[in-house]
Amino acid sequence: MKNLSVFVAIFSLVSLLGCQDAEDLPSTDFTINFKATYGGETLEKNKDYIFGSYPIFFEGCRLYLSDIRLVNAEREVIISEIEYLDFTPENAASATPAILFKNVPEGDYTSVSIGYGVKPQLNAKRPSNFPAGSPLSIEIDYWAGWKSYIFSVLDGKADPDNNGTKNLSFSYHCGSDAVYKIFEFNVPIKVKAGQFTTADIAFDMKEFLTNDDGSLYDMVANPATSNDATNVVVAQALTAHWGRATTITQ
Amino acid sequence: MKHFLQKNAIILVSGLLIAFMAMEACRPQDPDPVTGDLEQIPYNPQSYTIPKPSFFPEIPIPADNPNTVDGVQLGRRLFYDPILSADSTMSCSSCHLPEGSFTDNKKVSTGIDGIAGKRNSMSLLNIAYVTDGFFWDGRAPTLEAQALAPVEDPIELHNDWGTVVAKLKAHPTYPSLFRKAFGIKDRSEITKELAAKAIAQFERILISSGTSKFDRFVEGDVDAFDDEEIDGKLMFFDEGAQYNLPDAQCFHCHGGVTLTGGKFFNNGLDSVGNLNEFKDLGRFLVTGLEFDKGKFRATTVRNIALTAPYMHDGRFETLEEVIEQYHDNGFGVANEGAFLNQIGFPVGNGTYTGLTEYQKKALVKFLHTLTDTTFIKNPDIQNPF
């Protein structure tokens, strides 16, 4: 009986420690500065960049992120379930949204996990299911044909002939559950009030349009995600590039 | 000579003085403000739940201007009342008539002085969902800000808000309506901002009924559409690949359940040598961004069959002309929308087949399924006078 009591006491203590909720830890506000870039330079709408051997510009660059997590050996903290980033808003050449996350548990995290797109549980719904102002109430980035949000948008024009006219329009609209992808980045992130309260995440569109072997995505052959079966193929191929196209720093 | 000039100067100054006094005499004077003259009128604001189809998104309502029953009624009255114009001949509704889905079906609108504006009257259907700015160029950030502008526009109602507010204060009915809508204590508290808030509240109730053929089909009534309409829908929303139908690319700019994109595009209307040659610089006048020259807001296509003529300058009389224009893929101007030259099946190297005559016809037929006669006949949005 005595042994049982000791066992129960130890078990309870271990359980209590093990179950220490992230909410019990000291926490602080934490800001992530998001940015879209091209070759490391902040991406601007309608500005000429060089893609391989020819000029290119972007008209639209938007992205949904799901379940942004800070991870270490003790815990995983979801600091955001869904975010919508519009890097090319209607009223400016570019935007670098800084998003404040409240009550982030302090700690030394070893990695960051990000879902690119809208996670399936949320993607099963549609804009009318969400309150006005929610990132998921935005209608222009929902496609009823897919029954899916458009996870990422990259629109623009290119001049592959180098004849002075950008007559190739490209539009990569990636979406549907089959395209949703989670990447984990092994980056140390410290969260501590007054000391470590920000981090930067940049998404590079040149890397997004670069294949894993270093070759450039064949924009001429595949200028768009179309509505046939190749849509998922093109969208999956491009979404696979987010891991390389993402840089997280603190 | 000197004496002659002095004499004429005196006559001129006297004339101006008399003219000024006459103008002032004609201008409605603020009644002597009596503090609390409206307090005996009950102020019991009741929230107005805007009717909307269940499959429509929640309507964005600003925290500082929630819809109330009395606010909407006041706004409706102001919207239809020519008291807003300098000569009391025109109101908001003169250019936004219910039967035209709140357009005037004219190429461009004409104001009280008979001067034609340069842009077509926009439909106000589902205007509450617009978030990126009102007017064709998006220059008004809110519906409240938008409602202020036409009153003082010299080619629209050509009035000044000082005069309007004075008339409203002196009016036998309006002070009590403002009291009921906003709880003001006396008529001196009537302002242009409150008037604009009321008008915005009314405009926010201009929501589709959800009973168009399109809505019935989407909500499960498969018999609502014939085959041609189905083909048109599949092409409009780029859903037709498995039925061997091409993409018409329409929904990229007219997307979502409200078909109200709200974003700004150069949709390939004009061939210009450079962006400065656009006759109307559109969105550029607001943002100053070079590539916004010649861009305009994409309107809702719900009730599009009722809102002819089309485009910001009303240049097209028919939907057939509109489809043909898009089908021509624009002119290769640098800032034309990317989807303009992706219409049809892809055939490689960034080129597309375009649409057949049947496919264009099916698209037009589909656009007609968006007609919502229940909305335009809704008694709650008609002229109350």
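Sequence lines set the chain letters: A, B, ... in the order given, protein chains first and strands last, and positions in each chain run from 1.
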Using a cut-off of under 4.5 Å on heavy-atom pairs, state which of [options] scores highest against chain A.
| options | answer |
| --- | --- |
| B:G288, B:A334, B:P53, B:G255 | B:A334 |
| B:Y129, B:F345, B:F264 | B:F264 |
| B:V257, B:T287, B:N341, B:V286 | B:V257 |

Using a strict threshold of under 4.0 Å (side-chain N to carboxylate O), is an ion pair present between [Y] and [X]?
| X | Y | answer |
| --- | --- | --- |
| A:K35 | A:D204 | no |
| B:D280 | B:R119 | yes |
| B:R297 | B:D132 | no |
| A:E81 | A:K119 | yes |
| A:D29 | A:K102 | yes |
| B:E144 | B:K197 | no |
| B:R216 | B:E219 | no |
| A:K45 | A:E59 | no |

Tell me, for [X] versus chain A, whether the close heavy atoms (under 4.5 Å) come from the side chain, the backbone, both or neither.
| X | result |
| --- | --- |
| B:V333 | backbone |
| B:I61 | neither |
| B:T131 | neither |
| B:F265 | neither |
| B:D292 | side chain |
| B:E336 | both |

Examine B:F291 together with A:F57 and report whether their ring centres are nearer than 6.0 Å. yes
Can you check whether B:H252 and B:F237 have ring centres sitting under 6.0 Å from each other? no
Sort [X] into side chain, backbone, both or neither according to what part of it lies under 4.5 angstrom from a heavy atom of chain B.
| X | answer |
| --- | --- |
| A:K166 | neither |
| A:A221 | neither |
| A:A158 | neither |
| A:F170 | backbone |
| A:N91 | both |

A:F208 and A:H241 aromatic ring geometry - parallel, tilted or perpendicular at 30°/60° bounds: perpendicular
Report the option among [options] that has the most heavy-atom pairs separated by less than 4.5 Å from atoms of chain B.
| options | answer |
| --- | --- |
| A:P131, A:P127, A:S134 | A:P131 |
| A:A144, A:G156, A:S128 | A:S128 |
| A:K157, A:H173, A:R126 | A:K157 |

